[in-house]
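Scroll down for the structure; my scribbles are underneath it.
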Amino acid sequence: MLRIGVYVCHCGRNIADKVNIKEVVEFAKKLDGVVVARDYKYMCSDPGQDLIVKDVKEYKLNRVVVAACSPNLHEKTFRNACKRAGLNPFLFYMANIRELDAWVTEDPKKATEKAKRFIKAVVNRVKLQKELEVGKTKIKSSVLVIGGGIAGISAALTLADAGVHVYLVERQPSIGGNMAKFDKTFPTLDCSACILTPKMTSVKAHPNITLLTYSEVAKVEGYVGNFHVRVIKKPRYVREDLCTGCYQCVEDCLFTEPVFPSEFDEGIGKRKPVHIPFPQAVPLVPTIDGSMCMWLSARKCPKYCVEACEPNAVDFNMGMEVVEFDVGAIIVATGYKPFDPSKIPQYGYGIYDNVYTSLQVERMLSSTGPTGGEVLLKDGRKPERVAIIHCVGSRDENYNRYCSKVCCMYSIKLAHLIKERSGAEVFNFYIDVRAAGKAYEEFYKRVLSEGVYFVRGRVAYVTDIPESEEEEKEVEKGRLIVVVEDTLLGKVRRIPVDMVVLSVGLEPSEGGEYIKKVLKLSCSADGWFAERHPKLAPVATNTEGIFIAGCAQGPKDIPETVAQAQAAAGEVLSLIQRGEIELEPNVAYVEKEKCTGCGICVPLCPFNAISLKMDENGKLRSEINPALCQGCGTCVAACPSKAINQHLFSREEIIAEITALVKD
Amino acid sequence: MDVEEMLETYFERIGEIPNSDRFIQCIQCGTCGGSCPYGMGTLFTPRRMILAVRAGIVDEVLSSGAQWLCTSCFTCSLRCPSQIPITDAIIPALRELSLLEGNPPEELAAALMNIARYGNSFRESPRKRDKWIKEVDFEVPLISKKKKAEYLFVTECFGAYHRRCKEITKAFAKVMHILGVDFAILGNEERCIGDLVRLCGEFGLFEDLVEKNIRVFEKYEFDKIVTHDAHAYNALLREYPKFGFEKEVVHHTQFLYNELEKLKELFGKLDYTVTYHDSCYVGRRNGIYEEPREVLKAIPGVKFVEMRRIKENALCCGGGGGGVWLDSFIKEHIKERPAESRVKEAASVGAEVLVTACTLDVPMFEDALKVTGLEGQLEVKDISEIVLEAIES
Amino acid sequence: MRICAVLRLVPDLVEELEVEENEVIPFRYMPNERDEHAVEEALILKEKTGAEVEVLGIADPDNEADIDEGLGMAAAKGADKLYKVILDRPSYKRAELAKALAEFLSDKNYDLILTGIQAIDSFAGNLGGMLAKNLGIPYIGGVVEVNISDGEVVVKKELGGGLLAEYRLSTPAVVSIVSAERPLKFVPFTKLRQAMKKAEIEEVELELPEFEGIEVVRYEVPPEPEITLIEGDVEEVADKLIEALKEISVL
Amino acid sequence: MKVLVFGEVIDGEVQNITYELVACAKKLGEPVTLITSDADVSNIDGRVIKVNAGEISPWHYRIVEKVIEKEKPDVILFGNTSCGVDIASQLSANMPVATSAYEVESEDGSIKVKSLSYGGKVIVELKLETPAIVVLNSGSYDAEEGKGKASVEELEIEVEKDSEFIGYIKPAEEDVDISKAEIVVSVGRGIGDEANIEMAEELAELLGGVVAGSRPVIDQGWLPKTRQVGRSGKTVTGKLYLALGISGATEHVEGVKAKNVLAVNTDKTAPIFRISRYGVVADVNELLPVLIDKIKEIKEG
């Protein structure tokens with residue numbers, strides 16, 4: 001005998017303004033199997049929940065339907081209420097009459113009718129629901145952190161300090177990420193290296209951290225609490241365990257001068273095939289670039305480096321190395337890459353010598369950079385006039401529609417530093433100055449008072465084609481002309497400058513793109529990793545046990561990155577501390593007798609939860625690992641022999657729901 | 001009209017043009033104003049036009065005349081970070097208001113009236129549209145006689161009537177003739193395709209032209225349209241489908257590129273240094289950048305040099321958007337015509353021939369040669385003329 | 001104040017004219033440009049004084065339909081009333097038209113009648129003055145600006161070489177316009193079509209009286225002037241050039 | 001045949017057209033010239049009737065009517081001018097008339113007139129019964145032949161006035177309207193440089209015309225914008241368009257509607273020659289000084 005209770009929520013006025021609650025309740029009362037129907041202003045509130053608990057006991061309800069908001073918000077709440085009342089929480093279901101109805105339906109009459117339909121549908125399906133049990137699994141206490149920038153470093157150190165073992169994997173030869181390239185940081189003008197280097201060395205020295213640089217996460221299997229990770233270490237041809245970081249191999253290289261563009265110096269500095277990207281690198285071990293090394297690429301070198309190395313660390317026999325381990329949780333901190341401004345041809349990057357990206361200028365400003373901290377033009381002169389163009393590749397539907405958030409502040413910082421180092425007049429071209437952060441506005445004011453010009457207008461183009469005699473003289477001096485509509489002046493201006501700095505925006509890093517595929521994580525339309533909830537679960541992802549930190553989630557500055565990294569570490573700790581976790585029971589399962597072993601479902605599963613296994617009769621059958629299954633339903637829909645079904649979303653339940661929706 | 005009515009008319013019009021809802025997303029960055037070849041000459045850059053319309057002072061924009069400065073070069077639209085259809089919607093709709101007020105610049109008004117009356121802006125008899133075919137030494141087939149052809153060659157008004165542009169028409173027709181292409185022209189049944197009419201905000205006339213042209217097109221059997229007129233190409237490609245016309249449209253640069261293997265066998269040697277001007281509605285608007293370059297580079301003996309402002313960044317000739325009919329109006333607002341800056345640029349990179357692919361370009365640039373005194377040093381030719389020369393050399 | 005503007009049709013010279021000895025056959029007709037200026041000036045006066053403007057479109061059975069667009073244009077620009085006057089036969093003799101029109105207008109009580117100073121096909125008289133004479137009211141032609149105050153009309157008349165003269169006339173009067181004070185107002189296509197659809201046109205049939213004493217003997221096409229090339233050394237060329245200037249009576 | 005000429009006086013000056021009319025009248029028969037304003041009329045050839053009725057006004061047609069009654073002419077000649085047409089058109093309401101005439105002959109007691117009509121595309125030959133009015137285009141007859149010694153009769157004729165002359169409005173000096181000029185000397189890019197404009201101006205003065213230019217010249221700022229001929233400038237319609245160093249782009253030619261086009265260009269194939277009556281193949285800058293000297297000689301001699 002089914003005894004169903006229906007509870008209609010007003011959600012304050014959110015639902016009640018559009019849906020005639022009274023009418024809906026009366027309607028619900030008349031539905032087959034319904035013994036009680038009620039409404040309440042806030043069903044999710046304590047008194048609302050109590051109402052359900054009381055009714056379950058009093059009316060001996062064996063099914064509960066709540067018509068309110070999206071289950072994403074309050075399914076848990078009401079399941080718990082059912083549990084308190086002694087009812088298996090999976091005998092409950094929600095009808096969403098807020099997001100799917102009241103908020104999107106103009107006509108109150110139609111909204112009311114829609115609400116009735118939804119409730120009828122859910123009542124119909126709840127009848128078929130069965131009691132389900134929640135499974136549990138143990139959590140491994142080690143953690144994988146992907147990405148060795150400031151986010152990864154911060155997360156790793158926080159976890160390691162708490163006694164958790166961390167595997168920190170970094171693609172590049174050294175950790176440090178983009179922050180290591182900066183000279184100073186806004187708004188305090190702290191020396192970037194000074195604050196980052198101690199953290200980097202701590203990572204290296206920490207007993208709880210296994211540092212894997214020049215490495216890629218190749219494969220991750222398993223599920224929350226039980227991930228199995230495979231990492232590939234690329235050969236750097238110098239053994240980390242033996243190398244002392246003496247630089248002798250670099251000095252003695254066949255290439256007596258650095259001739260290859262340095263990645264770390266954003267192409268403006270040069271390096272040798274054997275190189276340490278920067279003096280503070282961690283590990284301080286050279287890497288030999290196989291494509292440039294005359295021995296590795298052509299076997300044409302007397303191998304001076306091998307000769308030079310006293311500890312015999314140079315080892316050309318090194319190959320790929322696979323490292324495997326298990327972790328309970330993963331933090332993705334793959335960071336960002338700067339926007340490539342050559343996509344915007346009118347700014348002249350790659351066409352004119354003295355058009356640079358902001359990161360290139362950061363390298364110039366760095367005392368360990370290619371110019372030793374001087375801002376110089378291509379021909380070695382000091383610039384007298386410099387333009388800094390904001391929002392390059394940001395806030396632009398043609399490239400990236402989002403604001404990259406940090407460019408305003410770093411552009412202001414660069415303006416200050418350029419002026420300080422070169423004495424040049426600096427023009428900042430901006431659309432809006434976004435200086436929202438602690439002490440940011442003050443910093444903006446300070447730089448303004450230093451005499452940096454701010455022109456409100458997005459630069460239209462940079463050219464060396466003069467339009468007047470005066471301009472001709474400027475161009476002869478090697479200057480470029482920045483053309484902008486000064487929107488405050490209401491006038492198009494042509495401003496000659498020696499150097500143009502493009503404040504490029506931030507884009508998801510290539511490593512991030514790669515990890516996205518390895519971990520099957522979802523991303524926003526812009527390519528950044530999607531958090532589970534923008535406000536309430538900002539470091540969690542939709543995959544249990546995987547967290548995100550730093551710019552992998554979206555553009556951020558250093559303080560925010562560090563805060564988020566530490567928050568992610570906190571979440572991980574909270575997970576690990578539990579020791580075990582409950583698993584959602586809405587997983588798919590195979591009805592063995594129907595499965596033909598066709599295998600269609602196997603590659604479709606986004607979570608690698610399905611495998612083909614030989615059964616006792618020697619037939620191939622699909623098998624779903626309930627711990628891996630996230631209940632997405634892809635396999636259920638795809639199975640040609642209808643052998644896969646899903647708890648809480650069985651075919652019967654769904655058909656019952658749809659039937660009630662479409663049939664009068 | 002009072003301002004209220006103007007605003008209503010304005011929004012109604014832009015509402016009909018795709019993506020105009022982005023109008024309200026303008027972040028006032030000024031990219032448009034800076035990008036505009038006439039941005040220095042006006043207070044009302046597109047940005048300020050949008051701002052003024054939003055503020056309800058559309059009348060002030062109109063009385064400034066700024067709406068007539070647009071050459072529809074499409075640079076602002078391409079660069080606009082909010083992707084606002086400035087060239088296709090914001091400006092033409094403002095121009096429409098001026099037209100409704102009855103006081104567009106005189107030259108333009110005359111051109112529009114001529115098009116309405118004679119189907120061409122030249123105040124020439126529609127019955128003389130095919131006169132050029134009597135000036136060539138081969139037969140140019142009329143579709144009314146042939147009934148069926150692979151290509152319908154649309155000559156458009158400049159190509160049919162303008163003394164200089166007619167030479168381009170003849171050259172291209174001859175190239176097709178030599179290649180043995182199955183083509184025909186509409187002759188006197190052709191009338192203005194109307195892209196400039198649309199860009200000038202005379203939407204009613206444009207629609208009338210479109211309907212009449214489609215009716216003529218439907219009379220005959222042909223596979224695709226080929227045209228050397230960049231604006232005709234644009235309108236047939238982008239606007240006519242909205243009225244139900246869905247034939248393939250090929251610009252003559254694409255045609256020449258597609259026939260390049262055959263052409264290579266015919267090419268003799270030329271001894272020129274040439275540069276190529278990306279016409280707005282071939283390049284920037286419709287993305288044809290490489291085809292004409294490939295054709296030019298394939299001609300033996302031709303030395304190809306690039307100017308600084310190329311492809312997306314190419315400078316407009318100033319003829320588009322009705323610029324050909326607004327010359328004196330525009331000249332009042334600017335120091336130097338873009339065409340003048342352009343021919344100087346071409347000369348400065350050592351080109352002897354400035355090659356274009358839009359009929360408007362040639363007269364605009366040839367005029368500029370006279371003004372800049374570069375006559376004799378630089379020649380302006382359409383790509384089909386160079387191709388024909390290479391074949392005949 | 002009630003103003004009437006006369007709008008005649010003339011052959012569209014953009015198109016070829018077929019010229020036979022006893023006949024000129026136009027390919028099509030269009031409104032006479034000077035008359036369009038008269039209509040424009042009438043509408044300017046409407047703006048200035050709030051006068052009522054009525055437009056008289058004149059056609060004959062050969063070109064009856066061609067006047068519609070001109071009348072539509074006038075309506076789109078704000079004319080209050082439109083007449084379509086259809087003459088019983090085509091005639092080149094303006095005196096005939098002037099007589100017939102005068103009769104038609106005699107009881108209409110217009111304060112001002114505006115016509116174009118002339119039509120491109122007139123070789124047998126100019127309408128304005130004849131009309132005034134027939135109506136027995138003052139006339140002035142060659143006018144480029146009209147102002148009205150207190151029942152008096154003050155006009156600016158063009159005398160050539162940039163010289164203007166001002167005259168005062170009492171009303172009713174006939175004024176022939178050379179050009180309106182401002183360029184013809186542009187009427188967009190849609191607006192014109194709407195106006196043509198909406199416009200109420202009163203059709204009037206007029207019988208032309210006979211007027212004797214003028215007769216076309218023949219029409220002919222002037223011989224195509226052929227270019228005479230002058231070449232040679234500078235002295236020679238200059239002499240020949242002077243001869244040429246003499247031939248076209250410039251020297 | 002008795003011919004009454006309506007002589008025009010503007011601002012105290014007998015207009016050139018008057019002499020042309022007299023020249024025509026002399027060819028037809030015996031001229032009588034009527035002058036209705038005060039002016040020195042002593043060099044009009046033949047009989048002159050002078051009625052001082054103030055500045056020329058449309059109502060002067062009533063004076064003409066009275067004189068016709070008195071003189072009974074066979075033909076009354078008017079100039080195809082602003083004032084001439086005013087009077088002729090009122091008179092012609094009841095009298096045969098030919099307008100836009102350029103040739104008048106008498107034939108068997110009637111008048112044979114040739115008119116240029118349909119925008120100059122058709123010559124119309126008309127036969128008028130006398131008395132008839134002929135409105136003659138200026139430039140049709142040689143003014144010099146109308147000059148001579150006048151025998152002046154002063155008359156007083158009272159007629160009704162229905163309009164009142166207020167005054168003349170003289171054009172501002174700098175505003176030469178090239179579209180109204182009979183003789184236009186126009187310079188193009190072939191003129192070389194600005195200094196040569198002076199020569200063109202000198203020539204224009206000698207010919208009694210004005211200087212205009214094509215777009216490149218205007219753009220250089222060598223001449224004001226008001227002097228531009230072509231689509232984006234003005235249309236010239238006078239007797240002579242002398243194109244110096246102008247190649248004749250479509251946009252330019254659109255503005256050239258003068259009766260005679262005379263082009264000077266080094267390039268024999270220049271399109272300007274296609275609309276020219278005379279094509280002079282020469283370098284403008286070489287030709288101009290020689291030409292100017294020769295014309296000066298003629299004028300002085």
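A note on names: the letters A, B, ... follow the listed sequences, proteins ahead of strands, and every chain is numbered from 1.
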Heavy-atom pairs under 4.5 Å with chain C, option from D:Arg277, D:Glu55, D:Glu182, D:Glu8 with the top count: D:Arg277
Donor-acceptor side-chain pairing of C:Glu166 and D:Tyr168 below 3.5 angstrom: no
What part of [X] is in contact with chain C, defined as an atom under 4.5 angstrom from a non-hydrogen atom: side chain, backbone, both or neither?
X	answer
D:Asp86	both
D:Ser57	both
D:Ile275	neither
D:Asp293	neither
D:Lys239	side chain
D:Leu240	side chain
D:Val135	neither
D:Leu291	both
D:Leu126	both

Hey, are the side chains of [X] and [Y] touching, using non-hydrogen atoms and a 4.5 Å cut-off?
X	Y	answer
C:Glu235	D:Lys294	yes
C:Tyr92	D:Ser117	no
C:Val216	D:Glu125	no

When you measure from the side chain of [X] to the backbone N and O of [Y], does any donor-acceptor pair fall under 3.5 Å?
X	Y	value
C:Lys157	D:Ser82	yes
D:Lys112	C:Val217	no
C:Thr228	D:Tyr278	no

Could you report the tightest heavy-atom contact between [X] and [Y], atom names first, then the distance?
X	Y	result
C:Phe211	D:Ser92	CZ-O, 4.4 Å
D:Ala93	C:Ala95	O-CB, 4.1 Å
C:Ser122	D:Ser100	O-OG, 3.9 Å
C:Ile137	D:Asp162	C-OD2, 4.3 Å

Aromatic ring pairing D:Tyr118/C:Tyr219, orientation class (parallel under 30°, perpendicular over 60°, tilted between): perpendicular
Max heavy-atom pair count under 4.5 Å with chain D, selected residue of C:Pro138, C:Ser176, C:Ala102: C:Pro138
Derivation of the salt bridge (charged side-chain N to carboxylate O under 4.0 Å, His left out) call for C:Lys133 and D:Glu65: CA-CA 12 Å; C:Lys133 181 77 197 300; D:Glu65 274 180 335; 3.0 Å; yes
C:Glu231/D:Lys268 under salt bridge (charged side-chain N to carboxylate O under 4.0 Å, His left out): CA gap, chis, key distance, verdict: CA-CA 10 Å; C:Glu231 288 174 276; D:Lys268 214 193 273 191; 3.2 Å; yes
Partner residues of C:Glu18 under the salt bridge (charged side-chain N to carboxylate O under 4.0 Å, His left out) criterion, sequence neighbours left out: none
